[in-house]
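Quick notes on the structure that follows.
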Amino acid sequence: MIWQRTVRIKRHNMITYINALFKRKKRKFRMFFPWAAPAKPLRASMLYKYTVCILLNVYRLYRAFPSPLKLCLQVDAKGKKGYNNIENSAFSDQPRALPAERVHQMDKRLLRIRLWMVALRRLCLILCAVTVVAVGVINIEEITADNLRRVAAKLDVTFERGLPLEGYISYPESRDNRYALFKGGLSVLTPERLRIYDAAGLQFLDREMSYRQPMVEACRRFVLTYDRGGKQLNVFNSFACVFSAAYDGNILAARINDAGYLSVLTRAKGYNVRLTVYDTSFREVYRRWYSEGRFASACGVSPDGAKAFVVVLRSDLKGFKAELELLDLSQETPYATVDIGSEYPFDARFLNDDSIAVAGDGSCRFYDAKGALISQVKFEGRLLCLYIKDGRVAAACEKDEGGSLSILRLMDARGAVLTEQRVQGVVKSVCTAGDYIAGLTDSALLIAFTGKGVRELPAARTHRAVLAASGTNILLVSDGRAEYIEAHGK
């Protein structure tokens, strides 16, 4: 019949149109997401242009699908309702309407079904809009240009060649690699290059670097890299460098918290050490100098960006003395100074806005925001490695001097021991998330849970570090490959 032939023609035109959108080489998905290529930074003018481009292409796709309402109803020139000929569709330039006298000759049940189709179509559009708004409100902090660009780049790779197999990340093998967990994926830094990968192994960034002693640290939004003993510091998102600084003196230490506040300790002319604090937009908001005879070894900013701390070492004839200075960034001088003693501080971090953990060779001390000691947990032997994240402290220490036995200990922000586990061998990396603490030795990966469960997996000497990818997954890192392991397993 004529109408069947017309439907086939329209269907063929629609398929041809969609194929033209998705099957052209070198265009494919980029005509919908032109910024998917990670080579160009996203600017406001580009965002406006690409948004208009997306809306136009979505409208063209919408027009390519015949509407049920257009197939059944149209108001003729006299304002009367009538049935459309089947030729009236998105590809028809001159739609033809049947006269109203033939309305009663059509099947009213078919009209009712088609009207229900129109109602369902509108309901689906409303539900989609409400869902998008609800998801956007719930995840408003995650809706950033960097994350949107990640999604676009991932979709572009999907249309080009398909995604890599999830479960592992591969990168050039090197013993000089430094690792940091970033947005569920991995950032790998060498003296020559910085590479950033997502959880599926897709590489977003490959930037040439020039460091002698590379150091890398990541927060939720950025990756911090600097040359310890050098003068260069850089901060990256998934695709580009967002902040760069070259200091007059050598960089001693740098720290970026989860909110994005950055603190840097450098050498300074006329002084021994200078502390510089930046806000989340990397504007300098605080600066403090330390004179001769005082040396700063660690620093940090509170999650709300209102307070900071510096671990200061004072030398005298008897040795050195460690102090913890607590700073209010709205004041020039410290509002509290705490005597730590002669124990050398291994690391220090804010656990939350109200507590600080300072780990030394023989113990870990917990202070509140006013400098009062909350608790002190002593170690049985030498501290091997430390991991402080999400308000918890994971520590590994030697049980005996021979290194045949180690102890894993997980503590909360008040210093309470949540779990403790003995491990055969020397622990070279430790991490924690959710309800577990994981320790890596040369022969095994041991996972201890707060519910007193223990899981042990084989490991090799080539495994360098263990990172807490989430509350359920662990990233086991080696020289050229990182693989995801379920913490609880089967």
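Quantities reported herein were computed from a predicted structural model and do not represent experimental measurements.
E325 is linked by a salt bridge (charged side-chain N to carboxylate O under 4.0 Å, His left out) to R288, R294, counting only residues two or more places apart in sequence or in another chain. With sequence neighbours excluded, no residue forms a ring pair (Phe, Tyr, Trp, His ring centres under 6.0 Å) with Y290. Legend: residues meeting side chain to side chain contact (heavy atoms under 4.5 Å, CB included) with S355, ordered by chain and number and at least two apart, are L351, N352, I374, A413. Judged as a side chain to side chain contact (heavy atoms under 4.5 Å, CB included), and not counting sequence neighbours, the contacts of R409 are V377, F379, E380, C397, I407, M411, V417, E420. Every residue two or more places apart in sequence or in another chain that forms a side chain to side chain contact (heavy atoms under 4.5 Å, CB included) with D279 is listed here: Y261, S281, R283, V285. With sequence neighbours left out, the ring pair (Phe, Tyr, Trp, His ring centres under 6.0 Å) criterion links Y197 to no other residue. Evaluation of the salt bridge (charged side-chain N to carboxylate O under 4.0 Å, His left out) rule for R255 yields E217, D347 as partners, not counting sequence neighbours. In this structure, the side chain to side chain contact (heavy atoms under 4.5 Å, CB included) partners of S174, at least two apart in sequence or on a different chain, are D176, N177.
Without hydrogens or angle criteria, D412 side chain to A416 main chain gives a donor-acceptor distance under 3.5 Å.
Residues S363 and E343 are in side-chain contact: their nearest non-hydrogen atoms beyond the backbone lie under 4.5 Å apart. At least one side-chain heavy atom of Y171 sits less than 4.5 Å from a side-chain heavy atom of L186. Two residues are said to be in side-chain contact when any heavy atoms from C-beta on lie closer than 4.5 Å; V466 and V430 fail this criterion.
For the side chain to side chain contact (heavy atoms under 4.5 Å, CB included) with L233, the lone residue among T276, T225, L224 that qualifies is L224.
The closest side-chain donor-acceptor pair between Y436 and T450, if any, does not fall under 3.5 angstrom.
The salt bridge (Lys or Arg N to Asp or Glu O under 4.0 Å) contacts involving residues 435-450 comprise K428-D442, D442-R461, where partners must be two or more places apart or lie in separate chains. Identified under the ring pair (Phe, Tyr, Trp, His ring centres under 6.0 Å) test for residues 354-376, with sequence neighbours left out: none. Residue pairs meeting the salt bridge (Lys or Arg N to Asp or Glu O under 4.0 Å) criterion with at least one member in residues 386-397, sequence neighbours excluded, are D258-K389.
In plain terms, the two heavy atoms of A357 and V393 that are nearest each other are CB-CG2, 4.0 Å.
Taking the six-membered ring where tryptophan is involved, the planes of F282 and F222 are perpendicular, since the angle between them exceeds 60° and thus also 30°.
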Do any side-chain atoms of residues 241-253 form donor-acceptor pairs under 3.5 angstrom with protein atoms, and if so which ones, sequence neighbours left out?
residue: S244; atom: OG; partner: Q232; partner atom: NE2; Å: 2.9
residue: S244; atom: OG; partner: N234; partner atom: OD1; Å: 2.9
residue: Y247; atom: OH; partner: Y278; partner atom: OH; Å: 2.9

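To the nearest 0.5 Å, atoms CE (M209) and CG (L189) are separated by 6.0 Å.
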